[in-house]
Amino acid sequence: MRNINEIEKKWQNYWEKNKSFKAETGSSKEPYYILVEFPYPSGQGLHVGHVRSYTAQDAMARMMRMQGKNVLFPMGWDAFGAPAEQYAIKNHIHPKEAVKENIKTFKRQMQTLGFSFDWDREFSTTDPEYYKWTQWQFLQFYKHGMAYKDTVPVNWCPTCKSVLSNEDSAGGVCERCGSQVVQKEKSQWMLRMSDYAEDLLKGLDDTNFAEKVKLGQINWIGKSIGAEVDFKVDGCKEQFTVFTTRCDTLFGATYCVLAPEHKLVDKITTKEHKKEVEEYKHACTLKNDMERTELNKEKTGVFTGAYAINPVNNKKIPIYISDYVLASYGTGAIMAVPAHDDRDYEFAKKFNIEIIPVLEGGDISKEPFVGDGLHINSGLLDGLNKEDAINKMIEFLEKNKLGTKKVNYKMRDWIFSRQRFWGEPIPMIYCEKCGWVPMNEEDLPLLLPDVAEYEPTDNGESPLAKITDWVNTTCPKCGGKARRETDTMPNWAGSSWYFLRFMDSHNDKEFASMDAMKYWKRVDWYNGGMEHTARHLLYARFWVQFLYNIGLVPSKEMIWTRVSHGMVLGSDNQKMSKSKGNVINPDDIVKEYGADTLRTYEMFMGDYQMDCPWSTESLKGCKRFIDKVIRLKDKVVDGEEYSTDLEVIINKSIKKVQNDLCSMGFNTAISTLMILANKYDEKDHITKKDYKLLLTLLNPIAPHITEELNEELGYNPICESSWPIYDEAKTIDEEKEIGVQVNGKVRATIKVNINDSEEVIKEKALKEENVIRHIDGKEIVKFIIIKGKIINIVVK
RNA sequence: GCCUGAGUGGUGGAAUGGUAGACGCGUCGGACUCAAAAUCCGAUGGUAGCAAUACCAUGUGGGUUCAAGUCCCACCUCAGGCACCA
């Protein structure tokens with residue numbers, strides 16, 4: 001046989017030439033859309049982790065095509081982003097050149113692996129034909145009041161010289177470069193994502209996401225139901241509002257805390273406390289979120305000198321400021337109930353504030369009691385449980401106009417501006433006379449200029465700000481002098497709707513036609529990394545829901561199932577990285593062992609959804625399996641029927657492989673095929689049909705060699721054939737070995753026939769010597785026969 | 001601290017409540033070979049035993065059940081995510 005790489009090349013060319021995997025919009029076959037997250041084409045080339053998830057989805061796609069479905073399995077490039085920009089800065093080339101190179105490498109690598117993507121639908125988020133529509137969609141957000149400019153304290157990375165989203169700077173550290181993030185005030189484009197909090201929560205019911213994925217979304221949205229309560233400041237007209245989920249503990253509120261940034265702080269602070277308060281506030285601005293949370297072991301804060309009036313009992317209670325209260329959540333102010341909240345308790349102990357228990361149970365001299373209990377010291381609430389007390393208190397507050405029921409979400413609006421060159425320009429123009437004016441839609445795309453300088457400015461302006469030719473323009477409204485927005489969009493923008501574009505990739509009239517979207521209906525199966533299941537999925541769902549609300553997509557949720565894969569770790573069980581020297585390059589493996597072996601190994605290595613270490617030894621085992629399949633061809637004799645003695649195992653194998661490929665049981669699908677091949681190997685001869693069956697079942701995972709062997713038998717290509725159909729009746733063994741237990745312990749195994757009556761089985765079991773020994777002299781109290789599974793004899 | 005996973009041989013991992021360790025890797029022994037590679041055959045959880053077989057064994061401790069890796073309760077460890085969210 002010829003060299004394995006030549007065979008692989010031959011079939012890759014065949015598929016390309018014959019457009020074997022083209023998805024036809026409008027075809028009468030049942031549409032099925034399998035999507036795998038499009039990669040960021042980094043300079044590192046394809047990772048063996050990519051190979052794992054692409055092979056998995058490829059196997060599904062190939063099987064489903066054979067089952068007669070019209071499978072859409074596309075691939076593209078998420079190519080905007082900081083790494084390409086940094087690479088360009090370093091090497092003094094335009095990022096689009098670097099991206100072009102990287103895409104070429106990625107695509108070549110994917111093609112040598114034989115993935116059945118419909119390459120006719122390929123695009124990159126950096127193509128003007130694509131980002132034109134990303135910009136167009138931004139304009140729709142703007143025109144529907146969903147995009148606005150606001151000055152917000154933002155996370156600033158001094159190294160990247162860029163603003164980061166809360167998400168990107170999780171933990172106070174820049175996700176890109178790892179530097180410490182500081183706080184800075186900046187005017188930013190924002191998307192009103194918080195308006196969609198409730199819909200994003202509800203929409204989950206219309207999806208088939210895995211439970212853990214749904215939970216991730218729910219946690220991120222962070223809904224909590226509570227009440228807002230107004231507190232008057234003693235001795236002046238001012239008042240402030242707090243948010244609480246436990247308004248039933250209001251009688252135990254012995255102080256209030258405002259966030260240091262709260263607007264009221266300056267107004268209510270008394271002369272004697274001014275200096276202290278100012279110092280504390282200043283200290284807080286120096287700290288970023290990371291430091292604030294890190295130093296949370298010890299509560300800090302200062303007294304403002306002012307007092308609030310507890311609205312339920314008119315008690316004067318002190319007002320403090322402390323950074324344990326966040327300005328960005330709720331109202332930026334809390335009522336503190338030290339008897340029943342850990343944080344408030346700690347604070348109260350430190351500042352010697354009164355602690356009044358209002359719930360029965362626990363010992364508050366030692367620790368706060370946060371459980372459920374009947375109310376005490378609470379006037380109208382005394383004797384009630386938590387739920388009743390909350391309801392009664394809300395009723396009381398609303399009746400007396402002291403507060404209202406209120407729902408809060410952790411999810412905030414999406415900060416949409418980035419001070420970078422390599423992103424979609426935001427198509428907005430600032431005119432002294434007219435203010436912010438959107439570009440005319442006909443003028444899109446707004447292209448990135450072709451210049452050679454991409455360094456951000458030191459004052460945090462985007463590199464685009466330096467390109468005056470580009471920046472200076474005229475106002476679309478009044479025709480006067482105006483300036484373009486120089487910020488660009490975040491990386492998440494282009495990936496929030498790419499799956500819609502794949503339905504109609506080359507449409508130059510619309511981002512995708514309604515007809516095409518109605519035909520494909522939705523992404524039926526979406527595979528991606530666990531790290532993207534919270535953020536990316538939430539952004540994409542928000543984007544789609546907005547488009548739905550303005551009538552541009554056919555349904556509110558366009559993604560049905562979301563699944564995630566485990567990582568491929570280095571053989572040292574660590575994440576692969578250059579510095580650790582544990583990186584495996586797929587090119588090397590393909591060259592030495594062939595794409596089919598690599599694909600088979602990555603599917604066999606372990607549970608698809610779990611991380612798994614690389615093992616070249618195990619890879620060789622899969623090579624051996626492929627070689628065995630090739631060798632089996634020598635046993636083939638003519639015959640267009642299955643060998644009689646193989647019928648059961650063949651039908652069983654079809655059923656198992658088919659079910660496993662649909663439910664991500666790739667490793668057990670391969671083990672089934674290994675068992676089948678071993679069975680064939682035991683025989684002197686197998687029929688052509690037996691052999692073709694094995695090749696067909698293995699084809700989704702190892703498509704090249706199976707096509708080659710199939711062709712040598714004289715059959716039409718497998719990718720143009722049908723998936724075999726199994727006969728349920730023939731998946732059952734006539735005879736089976738089952739265990740015989742005595743008191744739950746296996747003492748023998750017996751052969752039973754499918755037609756054996758219980759009497760016969762009983763008789764067989766009781767004939768076994770070892771069984772007789774264990775029941776000897778005892779009384780049989782129960783005789784349990786589970787057909788085809790086990791026998792258990794209970795004796796006393 | 002909270003949420004989500006996961007703890008099974010030397011190793012990657014299999015097991016709709018029904019013979020734990022499928023399938024693969026490694027190791028050991030054997031065949032073929034001048035030799036090696038490749039391939040093939042056999043053995044391989046632990047302890048005891050020549051063996052039949054017995055006992056132990058799925059992170060720990062309880063429980064439910066004729067039967068528990070699987071279900072329930074408590075706890076321990078590891079990984080990932082969130083983290084002062086009132």
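Naming: A, B, ... by sequence-line order, numbering from 1 per chain.
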Please tell me if A/Arg624 has a side-chain N or O lying less than 4.0 Å from either OP1 or OP2 of B/A37.
no
Taking the six-membered ring of A/Tyr593 as reference, does the cationic atom of A/Lys620 (NZ for Lys, CZ for Arg) lie under 6.0 Å from its centre and within 45° of its axis?
no
Nearest whole Å is fine: how far is B/U19 C1' from A/Ile785 CD1?
16 Å
Whole Å only: how far is the CG atom of A/Leu694 from the C1' atom of B/C23?
15 Å
Could you check whether A/Asp627 gets within reach of a base, just the sugar-phosphate, or nothing at all, counting any heavy atom under 4.0 Å?
nothing
So, do A/Gln741 and A/Arg747 sit near enough that their side-chain heavy atoms are less than 4.5 Å apart?
no
Any A/Arg747 side-chain nitrogen or oxygen under 4.0 Å from OP1 or OP2 of B/A54:
yes
When you measure from the side-chain N and O atoms of A/Asn770 to the phosphate of B/A54, is any distance below 4.0 Å, counting only OP1 and OP2?
yes
Which of B/U19, B/G24, B/U39 is nearest the side chain of A/Met674? It is B/G24
In whole angstrom, give me the gap between the C1' atoms of B/G17 and B/G9.
24 Å
A/Lys223/A/Glu198 ion pair, N-O < 4.0 Å
yes
Short side-chain N/O contact from A/Ser224 to OP1 or OP2 of B/A86, under 4.0 Å:
yes
Side chain of A/Phe243 (C-beta onward), nearest among B/G18, B/C40, B/A86
B/A86
Grab the two heavy atoms, one from A/Met576 and one from A/Asn582, that are nearest each other, plus how far apart they are.
CA-OD1, 3.2 Å
Which part of the nucleic acid, if any, lies within reach of A/Asn678 when heavy atoms closer than 4.0 Å are counted: base, sugar-phosphate only, or nothing?
sugar-phosphate
Looking only at side-chain N and O atoms, does A/Lys745 come under 4.0 Å of OP1 or OP2 in B/C56?
yes
Applying ring-ring contact (aromatic ring centres under 6.0 Å, His included), name anything that partners A/Tyr196, two or more places apart in sequence or on another chain.
A/Phe542
Would you say B/A14 has OP1 or OP2 under 4.0 Å from some side-chain N or O of A/Asn667?
yes
Salt-bridge present (A/Arg246, A/Asp341; N to O < 4.0 Å):
no
Across the strands shown, which category fits A/Gln609 at heavy-atom distances under 4.0 angstrom: base, sugar-phosphate, nothing?
nothing
From the candidates B/G26, B/C66, B/U19, the one with an atom nearest any side-chain atom of A/Glu617 is B/G26
Grab the NZ-C1' distance between A/Lys679 and B/C23 for me, whole Å please.
15 Å
Base, sugar-phosphate or nothing for A/Met335? Non-hydrogen atoms, less than 4.0 Å.
nothing
How would you label the contact of A/Gln741 with the nucleic acid (heavy atoms, under 4.0 Å): base, sugar-phosphate, or nothing?
base
Of the listed nucleotides B/A67, B/U19, B/G13, the one nearest the side chain of A/Cys612:
B/G13
For A/Asn219, answer base if it contacts any base atom (sugar-phosphate contacts may also be present), sugar-phosphate if it contacts only those atoms, and nothing otherwise; contact means non-hydrogen atoms under 4.0 Å.
sugar-phosphate
Mind calculating the distance between CD (A/Glu346) and C1' (B/G1) to the nearest angstrom?
12 Å
To the nearest Å, give me how far apart CZ (A/Phe231) and C1' (B/A86) are.
12 Å
Testing B/G24, B/U4, B/A54 for proximity to the side chain of A/His774, the answer is B/A54
When only distance counts, do a donor and an acceptor, one from the side chain of A/Lys299 and one from the base of B/C84, lie under 3.5 Å apart?
yes
Taking A/Glu728 first and then A/Lys655, would you say they form a salt bridge - that is, a charged N and a carboxylate O separated by under 4.0 Å?
yes
Rounded interatomic separation in angstrom, taking CD from A/Glu602 and P from B/G24:
20 Å
Phosphate-side-chain proximity, A/Lys782 and B/C66, N/O vs OP1/OP2 below 4.0 Å
yes
Hey, does A/Ile784 reach any base, or is it just sugar-phosphate, or nothing, if we go heavy atoms under 4.0 Å?
base
Across the strands shown, which category fits A/Asp607 at heavy-atom distances under 4.0 angstrom: base, sugar-phosphate, nothing?
sugar-phosphate
Need to verify one output field. Residue with the more 5' nearest nucleotide on RNA chain B, A/Arg631 or A/Glu211?
A/Glu211
What is the nucleic acid contact for A/Asn408, judged by heavy atoms within less than 4.0 Å: base, sugar-phosphate only, or nothing?
nothing
State whether A/Phe209 and A/Arg562 meet the cation-pi test: NZ (Lys) or CZ (Arg) under 6.0 Å from the six-membered ring centroid, and within 45° of the perpendicular axis.
no
Can you tell me if A/Tyr329 touches the phosphate of B/A86, counting only side-chain N or O atoms and a distance under 4.0 Å to OP1 or OP2?
yes
Whole angstrom value for the distance that separates C1' of B/C23 from NZ of A/Lys623
20 Å
If you check every side-chain atom of A/Arg773, which of B/U53, B/G18, B/A86 has the closest atom?
B/U53
Reckon A/His340 touches a base, only the sugar-phosphate, or nothing at all at heavy-atom distances under 4.0 Å?
nothing
If you only use heavy atoms from C-beta on, which nucleotide in B/A54, B/C23, B/A86 is closest to the side chain of A/Ile675?
B/C23
Which listed nucleotide (B/G13, B/A86, B/G24) is nearest to the side chain of A/Thr245?
B/A86
Indicate, with a heavy-atom threshold strictly under 4.0 Å, whether A/Ser322 touches base, sugar-phosphate, or nothing.
nothing
Any idea which of B/G13, B/U4, B/U19 is nearest the A/Lys212 side chain?
B/U4
Between B/U39, B/C84, B/G18, spot the one nearest the side chain of A/Leu326, thanks.
B/C84
Applying a 4.0 Å non-hydrogen cut-off, can you work out what A/Gly621 is touching in the nucleic acid: base, sugar-phosphate, or nothing?
sugar-phosphate
Tell me whether A/Lys299 forms a cation-pi arrangement with A/Tyr324, defined as NZ or CZ under 6.0 Å from the six-membered ring centre and within 45 degrees of its axis.
yes
Can you give the dot-bracket line for RNA chain B, using ( ) for pairs inside the strand, [ ] for pairs that cross earlier ones, | for pairs with another strand and . for unpaired bases, where Watson-Crick and G-U count if both distances are under 3.5 Å?
(((((((..(((.....[....)))((((((.......))))))((((....))))..(((((..]....))))))))))))....
Anti or syn, where syn is a glycosidic angle within 90° of 0; which label fits B/G62?
anti
In terms of the nearest nucleotide of RNA chain B, which residue is placed more toward the 5' end: A/Lys736 or A/Thr672?
A/Lys736
Could you give the CG-to-P distance, from A/Asn743 to B/C55, as a whole number of Å?
11 Å
For a quick check of understanding: with a heavy-atom distance under 4.0 Å over all strands, which category does A/Lys620 fall into, base, sugar-phosphate or nothing?
nothing
Taking only the P atom of each, what is the distance from B/C73 to B/C3 in whole angstrom?
14 Å
Just say parallel, tilted or perpendicular for the rings of A/Tyr255 and A/Phe347, cut-offs at 30° and 60°.
parallel
Considering only NZ, NE, NH1 and NH2 on the basic side and carboxylate oxygens on the acidic side, decide whether A/Arg631 and A/Asp627 come within less than 4.0 Å.
no
